[in-house]
Protein chains: 2
Amino acid sequence: MSQSDTVRRILDTAEVLFAQKGFAETSLRAITGKAGVNLAAVNYHFGSKEALIQAVFERYLTPFCQALSVKLRELELDDGPLSLERLLTVASRLALGSGTEEPRRAMVFFRLAGQAYSQPQDHLRAYLRKHYGDVFNQFTTLLRRTAPDVPPVELFWRVHFSLGAVIFTLSGMESLQTISKKDFNRSVSASDIAQHLLPFVVGGIKGN
Amino acid sequence: MSQSDTVRRILDTAEVLFAQKGFAETSLRAITGKAGVNLAAVNYHFGSKEALIQAVFERYLTPFCQALSVKLRELELDDGPLSLERLLTVASRLALGSGTEEPRRAMVFFRLAGQAYSQPQDHLRAYLRKHYGDVFNQFTTLLRRTAPDVPPVELFWRVHFSLGAVIFTLSGMESLQTISKKDFNRSVSASDIAQHLLPFVVGGIKGN
DNA sequence: ATCGCCGCCAAACGTATGTTTCAAACGTTT
DNA sequence: AAACGTTTGAAACATACGTTTGGCGGCGAT
């Protein structure tokens, strides 16, 4: 077993388990057990559990934010009027990707983001803000252009509300699965959610 | 110290600490220590930590849902056209109350709700659904009347998105406090949030 | 071939948690 | 006032956790 294989298997397993159960409720023994590696491997390769959590985020977020930044730059240079729908569609398409595996990972990651916000992982919040704050600002700036009528303060709130809508929804996915199946007799996928989410967010950002 | 006093002090302290740090991260020793009662008191009065969590929810939710149900029944019997704004305002007013202490407790409770959703407290989800599902359905039925153009499936989603917006926002309050203060040089209160939230939810429910 | 490094493993360590125990204190009833 | 059930108190218990340790094995460089 090569080195990178152990590291990758730890990251893969931790990603799923953290999203499923949260950080505090996921023990290193559960991770290493399911990953088929030794318990000490986490502390050896990552140093601590905290560092592992950060590494999980970094592996997903760094390539995504780089790609997003490029897409946003394209939109910035595009002189024509930028619609809110377009901006959101670009971001959503990027998250959902073109393959079959990306939507699942996007869902997993958003659940992770939810855990990061609702649990007191201060180190994580600081880390995220430090490393990915720029892309967030880039997005916000662009968003302001699509909704010039909305005051910046209001826009700030509505962005947070929108984030909450998506993260909260994906965090409770499996219970939503149950409810939705029972009440409407149909299952849900990540692109389903995106489809329903878009008009809600657009309406919410624009306001009553 | 009478019996109810010990129970109440445990509940008061647990409510705050659970909301601040989450369920798993809040130890019984932290609760009993801050409450000034003996460690064994929790297991004596409530039976287990799980039961304590449920009791915290019950103490807040039962009177609130009863009051909400009454208010909703009034709206049901009102024959005139019911606006979405009106319905949401009624619910919001009830949660924020008339006193000075209620907004704080409402914030605390919504943070608790966030914890309940993002952490795998299956027993809690089942408990909430079992005891308060009726009031939720009552609200949903009334909501459908205020937005007859929106298909029920779509409405189902948008309710969840809205719930996510408020719960997520309040769950991250203290970090929002920091951001908001830094970026816009003003603090935020529960009624602030409600004020910003209303147009967002109204716009979101109605759609693009 | 040998040395040194790196990754892996089983085991143990120290700590914190939820829970249980049992005697003492309290309050109510008789 | 005595007896009883109820509540509190300090301590211990069992368990699970994150982390550390020291030895073992392979592999490339010297």
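Because only heavy atoms are used, hydrogens play no part in the values below, and waters and symmetry mates are left out as well, while side chains stay in.
- Aromatic ring pairs are classed by plane angle as parallel below 30°, tilted from 30° to 60° and perpendicular above 60°; the pair A/His131 and A/Tyr127 is tilted.
- Under the side chain to side chain contact (heavy atoms under 4.5 Å, CB included) test applied with A/Leu112, the options A/Ile167, A/Leu61, A/Val56 reduce to a single match, A/Val56.
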Restricting to nitrogen or oxygen on both sides, can you table the protein-nucleotides 22-26 of chain D pairs closer than 3.5 Å?
none

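- Using a 4.0 Å cut-off, some side-chain N or O of B/His45 falls inside it from OP1 or OP2 of D/dT8.
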Protein-proximity profile, nucleotides 14-20 of chain C, B/S/- by nucleotide at the 4.0 Å heavy-atom cutoff, equals ---BBBB
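- Annotation: side chain to side chain donor-acceptor pair (under 3.5 Å) contacts involving residues 95-105 of chain B, sequence neighbours excluded, comprise B/Glu15-B/Arg105, B/Glu101-B/Arg104.
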Validation: residues 88-97 of chain B side-chain donor-acceptor distances under 3.5 Å, sequence neighbours left out:
unit_1	atom_1	unit_2	atom_2	d
B/Thr89	OG1	B/Glu85	O	2.5

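- Within the structure, every side-chain polar atom (N or O) of A/Thr6 is placed at least 4.0 Å from both OP1 and OP2 of C/dG7.
- Within the structure, no pair that satisfies the side chain to side chain donor-acceptor pair (under 3.5 Å) test touches residues 29-44 of chain A, not counting sequence neighbours.
- No salt bridge links A/Arg9 with A/Asp12; every basic N to acidic carboxylate O contact stays at or beyond 4.0 Å.
- Sorted by first and then second residue, the pairs that involve residues 65-75 of chain A and meet side chain to side chain donor-acceptor pair (under 3.5 Å), not counting sequence neighbours, are A/Ser69-A/Gln138.
- Look at CD1 on A/Ile31: it is 15 Å from C1' on D/dA16, rounded to the nearest Å.
- For the pair A/Ala165 and A/Leu197, the tightest heavy-atom approach, listed with the atom from each and the gap, is CB-CD1, 4.4 Å.
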